[in-house]
Every structure is written in structure tokens, then in C-alpha cells.
Amino acid sequence: MDERVKTKMFCFQCEQTAKGTGCTIQGVCGKTAEIANMQDLLIYQLKGIANYAVRLKDLGQTLEPSLIEFIEDSLFMTLTNVNFDPKDHLSQLRKSQEIKEELKIRFNGELMNPEATYTLSDTYEEIMEDTTRARIFFDEDLDEDIRSVREVIKLGLKGISAYAHQARFLEYENEEVTDFVLEALDKLTDNALTLEENIALLLRTGEASYKVMETLDRANNETYEAPTPHKVNVNVKKGPFIVISGHDLRDLEMLLQQTEGKGVNVYTHGEMIPSHGYGGLKKYPHLVGNYGGAWQNQQKEFSNLPGCILMTTNCLMRPMKSYDDRIWSTNVVGWDGIRHVPKKEDGTKDFSELIEKALELGGFPEDEPVKEILVGFGHKTTLGLSDKILDAVKDGKISHFFVIGGCDGAKPDRDYYTRFALATPKDSIILTLACGKYRFNKLDFGEVAGFPRVLDVGQCNDSYSAIRIAAGLAEKLGVTVNDLPLSLIITWYEQKAVADLLALLFVGVKGIRLGPTLPAFVTPNVLKFLQDNYDLKPIKTPEEDLAEIFA
């Protein structure tokens, strides 16, 4: 048996995995071996559920929305820094067995693959023993490259499900993506598929990622108006407050509605900062600014904070004693011992407990001097400026475009992205998105040809916006995206970044520079395929990379 099956756990799904190879005792993210192993078994169960669900659909049967929502939420809760609560995982595992049994009865047939035939054990101890069967390296006969491609697909599905979850919260769904998630989970159990067939499935995962981001973009823009440029105060104001972190704009809207007129300010945090660009959210005057930076700084930034914190999606770290009585989670986010705000049957939530606590704490004692940064350069706004941008390119005033962004993390070598941004030519424009922007978004880059040099495109899912912007400029110039004076410098940390990368590959973008390190789940042969077909490059130093770009 592979040694990686005998360790306490094995997880290599994030960029910061131990020694660059895999966490085997406890996750660098704070995930315990208990949680890691239950997550493996939950994915195993989802594959078994998909085995039946796909065949029932082929027979013309309709699957209930609750089943799709369960699969999305289960995939999402296994994404890095989302849920660390063993009770939630045990509950989800038991529910998965109930669902699989119901589907078995409806199918009234026999499937022989182990994911379909497995029955969840009754006791916690037996369940934990069973988790071994769901380990990544349990099947020693599986080709290493096929295993690698399967892992990329699986992790891409986690990112896709996170985006689908956000869209569903706004009552939007892409049925093509839903069907693909089921199909892909089913095919991940098919050992008859060749490497070429698995690679084809990998590329289709990129297509599904693109489509779900398109759906989420439409959901956000139609619900809250397309983003337009707005200044955001990154310093604090006097008074009680709640800091909201994550991605779900519906949570922010409900919080703003419930705090209206109560003397409680609301600050965004992390990936929630782009919400200031949406007219439907910016209209609330007590949405006063953005607090702090990227997710990995939260333990320091939240320590002894005289207000409340609401975590809506991923990016939760172990709450410190200094604030664990003032932090709440919602949606699929969870940590053992912290309070949770559930969604009611009508889709609403009650944030009164946070509001009362925020009023009790009193908040910041005084205003800080206002310091503002710009957000709101989604594809609609930026493409609306395309003629002026292209005129500046033709006149030689703008020399190059850089997309610098993605998931941030705690490793010291991530200062590469700050140094790279600062080293870009003064006549270039930087498009940035996701929490990687915090590496440089508060610095003064000035303007070029009347435009801000740094344009904040949005959240991680707004990779779709970056694609739309690039495609729109290319179309006006009569060239392909790869012919543009454009370089993509992408930082990755977790599985939404995997989905984003696959979406970029799906639309044919080449020459992406990826870092700080390459994924541990990609074998040399799979990496060679990506390099040969998409010119994927690991980052070097800012000086070397810029020299190559302008060579």
C-alpha cells in the first residue's frame, strides 16, 4: 500500500501544502486529520450519488433541486478554509448515505463500482476507519497521470460548486453546469477512461467553470447593477460596526437591510471589497468602507476588534480567543464552537444577534483620516472605455496590459506580486482581481493616458470579467487574445483558482505565469502537456519575467 494512505491524512489541494508535497499530520490551513479524512469520504460518497443520478437522468427521471444543492454545498465545504466543524461533516456524511439509498431504490438496478456499493457505517469510529478507502492514493493500480488529471478535475469541481452556490443564493442556475458536475463526478469513478479521455474531461471542466462564472456575473449584475467605479475608504469611522468577509453579495445586502437606521456601520473585508462598485449595495450610506486586507491576515486584524465579524464563504482561519466570541459563520462555513447564522426556509437570515453585539461593543472610538482606493472596473465599465483605451494604445501612450491577481496566501515569497506590480512600466495598465490585489492595491500607481494604472476588476469569479475585457479589446483590434500586448501573472492558493485557470485554458489563453509554486497534484507529464499546449510558465523573479515579456 502507498505510504500516503498510511499517514494520518493526506491533502495537497492548496498551494501552501506542507513541504510542497502534501499535508500528512494536520493541514497548513488548520484542518485536522479528522476533518480531512471525512472530507475525502464525503467526496467518495458524492461520486457514488452521481453514479446513480446520471443513470436516472439518462432514464428521463428528474432530480430534485435539493439533491443538486446538497452536492454543491458538499463540494464547497471541502474547499480550503471553508468548514472545519466535525459535526457538520458527520451530518453531511449521514445525509449523503440517505440520498444514495433513495437513488438506489429509484434506479432499481445494480452498480458494481465501490463508490456506488459502499454503505456508510453506523458508528463514528467505523466511519473514520472507512475513510481510508477514499484516500487519493488508495488505488495503487491507477496510472499516476490519470490520477493527476482526476485530481485537477475534482478540485476544479470544488471551485465550480463554490460559484454555483453563490449564484443559486441569488436564484440563478446554469443547468448545463449542473449536469456536467454530475457527469464529471460519475466519470471520476470510471477506470476504463484513457488518459486522453480524462484530459478531454479536464478541458470540459474549464468550459463549465467559464459558464458558471458567466452565470454568477449575470446574477450579480442583474441583481445589484453592473459595477461602476467607486472610491472605497480603507480607514475606519467612529461607532459600532460589523465586518463582513467572503463573497456572497446577498449576505451583504441582507446585513445592510437589517442594520439600516440602527447606528451600525458595515465594513467589507477580503474578497467582499468589490461590492462597493455595485449600485444596489453602494446606495446604503452605512456601507462605510473596507477593513483590513487579504484573508491570511485575519487573525491579526480581528484580534481584540471592538465589533463583530461575519464569514460568508471561504477564507476562514482558526478564530483566536481574542475574538472567538465576536465571529459568526453562515452558509457552509463553520468552525467547531463558533456561532452560525442559518438560512431560513424563505431564504432570509436573521443577523439580529450580531447587530446587538456590535451595539454592545461600541465600535471604534474615533474616525481615522479618510484614505480611498478605486474599485468597480468590471467588464461593462471597462469595455465602455475600450475606444479611448485603444486610441491610447495606438498613440503609444499605453504600452502593455497586465492581469496580476488571484488567491493570496501567507508565504513570504508572495511579495513577488508586489515587486512585479511596482516594476511594471509607467505606461502600462494593471487589471487586478481576487484577494491577490491586496499585495499592491493600496499603493499609488498614478495614471496613464487619463486612466488609473490599477483597475480593480472584482472577485476571483470575475476572472470572467478579465476574459471579457481581453476578448473585447482583441475583437476591436481584429486579433486574438494571445496577440494582445497582455500578460497574465496569476497567484493561486485554493480550488477556485484551479477553476479560474481551467476557464482561462478553455478560452485558449496562452503564456500564463503561475505561482508562487506549481501545484503538487500535477505530475511532470501533465505539466508538460499544459506547457506544450498552453505555454503555462512558473514564475521566476519579477526582473526575469518582465525581461522575457518584453524580449
Side-chain angles (χ1 to χ4, degrees), residues 1-48 74-75 77-90 92-94 96-97 100 112-155 157-158 185 188-191 193 195 198 318 336 494-495 498 517-527:
M1 182 179 289
D2 191 297
E3 288 300 315
R4 288 166 290 193
V5 181
K6 299 177 184 177
T7 53
K8 288 183 69 175
M9 61 174 280
F10 188 85
C11 180
F12 57 5
Q13 70 179 12
C14 84
E15 192 273 333
Q16 292 182 179
T17 195
K19 300 178 182 178
T21 56
C23 295
T24 58
I25 300 172
Q26 177 172 304
V28 171
C29 63
K31 179 169 57 180
T32 62
E34 173 191 34
I35 295 295
N37 293 330
M38 283 199 282
Q39 289 184 347
D40 286 345
L41 191 58
L42 181 56
I43 298 291
Y44 190 82
Q45 284 282 77
L46 295 180
K47 292 175 184 176
S74 297
L75 284 166
M77 73 186 291
T78 68
L79 190 143
T80 302
N81 288 94
V82 174
N83 193 298
F84 302 81
D85 192 333
K87 296 189 297 298
D88 289 348
H89 287 84
L90 192 57
Q92 208 77 349
L93 278 167
R94 296 197 191 286
S96 72
Q97 187 59 40
K100 191 159 69 169
M112 297 308 297
N113 58 295
E115 293 88 347
T117 59
Y118 169 71
T119 299
L120 189 75
S121 296
D122 293 327
T123 69
Y124 168 82
E125 290 75 19
E126 290 172 322
I127 289 171
M128 294 311 296
E129 287 179 14
D130 287 350
T131 61
T132 303
R133 69 170 56 237
R135 289 284 189 94
I136 296 165
F137 296 96
F138 182 74
D139 182 358
E140 292 186 282
D141 296 328
L142 187 64
D143 177 84
E144 284 297 308
D145 294 326
I146 289 178
R147 190 195 318 275
S148 174
V149 174
R150 280 184 172 183
E151 283 303 299
V152 180
I153 293 167
K154 182 183 80 177
L155 302 182
L157 292 177
K158 292 187 180 192
L185 285 169
L188 288 177
T189 69
D190 186 353
N191 289 336
L193 292 183
L195 178 59
N198 276 283
R318 177 191 296 277
D336 190 20
E494 40 88 329
Q495 296 78 69
V498 175
T517 59
L518 295 179
F521 47 81
V522 173
T523 59
N525 286 336
V526 174
L527 176 60

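Index from 1, following the sequence. Small disclaimer: the values here were computed from a predicted structure and weren't measured. Computed over heavy atoms, backbone and side chain alike; hydrogens, waters and symmetry mates excluded.
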Could you check whether any side-chain N or O of Glu151 sits under 3.5 Å from a backbone N or O of Ile146, counting only pairs where one atom can act as donor and the other as acceptor? no
Stepwise side-chain contact (heavy atoms from CB on, under 4.5 Å) check, Arg318 with Phe84: CA-CA 9 Å; Arg318 177 191 296 277; Phe84 302 81; over 6 Å; no
Taking atom types as modelled, find out whether Glu115 and Thr189 have a side-chain donor-acceptor pair closer than 3.5 angstrom. no
Please name the pair of heavy atoms, one in Cys23 and one in Ala18, separated by the smallest distance, quoted to 0.1 Å. SG-N, 3.4 Å
When rounded to the nearest 0.5 angstrom, what is the spacing between OG in Ser148 and CG in Asp143? 9.5 Å
Under the 3.5 angstrom rule, does the side chain of Arg135 hit a backbone N or O of Asn37 as a donor-acceptor pair? no
Could you measure the distance from the NZ atom of Lys158 to the OG1 atom of Thr80? Nearest 0.5 Å is fine. 7.0 Å
Do Tyr44 and Gln39 get their side chains close enough for a donor-acceptor pair, meaning under 3.5 Å? no
Are the side chain of Lys100 and the backbone of Leu46 linked by a donor-acceptor contact shorter than 3.5 Å? no
In short, salt bridge (Lys or Arg N to Asp or Glu O under 4.0 Å) pairs touching residues 6-22 with sequence neighbours left out are Glu3-Lys6, Glu15-Lys411, Glu15-Arg414
So how far is it from Phe521 CZ to Arg147 CZ, rounded to the nearest 0.5 Å? 15.0 Å
Nearest heavy-atom pair of Asn525 and Asp145: which atoms, and what distance? ND2-OD2, 2.8 Å
Would Arg133 count as a cation-pi partner of Phe138, with NZ or CZ less than 6.0 Å from the six-membered ring centre and within 45° of the ring normal? no
Test log, rule side chain to side chain donor-acceptor pair (under 3.5 Å), inputs Glu34 and Tyr124: CA-CA 11 Å; Glu34 173 191 34; Tyr124 168 82; 2.5 Å; yes
Thr131 side chain to Asp40 side chain, donor-acceptor N/O pair below 3.5 angstrom: no
Where do Ile127 and Leu90 come nearest, in terms of heavy atoms and distance? CD1-CD1, 3.8 Å
First locate atom CD of Gln92, then atom CG of Asp88, and finally report the distance between them rounded to the nearest 0.5 Å. 8.0 Å
Of Thr21, Val522, Ile136, which is the lone residue that meets side-chain contact (heavy atoms from CB on, under 4.5 Å) with Phe12? Ile136
Heavy-atom check, side chain of Leu518 versus side chain of Leu527, under 4.5 Å: yes
Tell me whether Gln97 contacts the main-chain N or O of Thr119 through its side chain, where contact means a donor paired with an acceptor under 3.5 Å. no
Thr17 side chain to Gly20 backbone, donor-acceptor under 3.5 Å: no
Can any side-chain N or O of Thr24 pair as donor or acceptor with the backbone N or O of Thr7 at less than 3.5 Å? no
To the nearest 0.5 Å, tell me how far Ser121 OG sits from Arg94 CZ. 9.5 Å
Result of checking Leu188, Leu195, Leu193 against Val149 for side-chain contact (heavy atoms from CB on, under 4.5 Å): Leu195
Just wondering, are more than 12 heavy atoms of other shown residues or ligands nearer than 6.0 Å to CD1 in Ile25? no
Non-hydrogen side-chain atoms of Leu120 and Leu41 separated by less than 4.5 Å: yes
Donor-acceptor under 3.5 Å (Glu494 side chain, Cys14 main chain): no
Which heavy-atom pair separates Leu42 from Ser96 by the least distance, and what is that distance? CD1-CB, 4.3 Å
Any idea which heavy atoms bring Asp336 and Lys87 closest together, and the distance? OD1-NZ, 2.8 Å
Once you round to the nearest 0.5 Å, how far does CD of Gln495 lie from NZ of Lys154? 9.0 Å
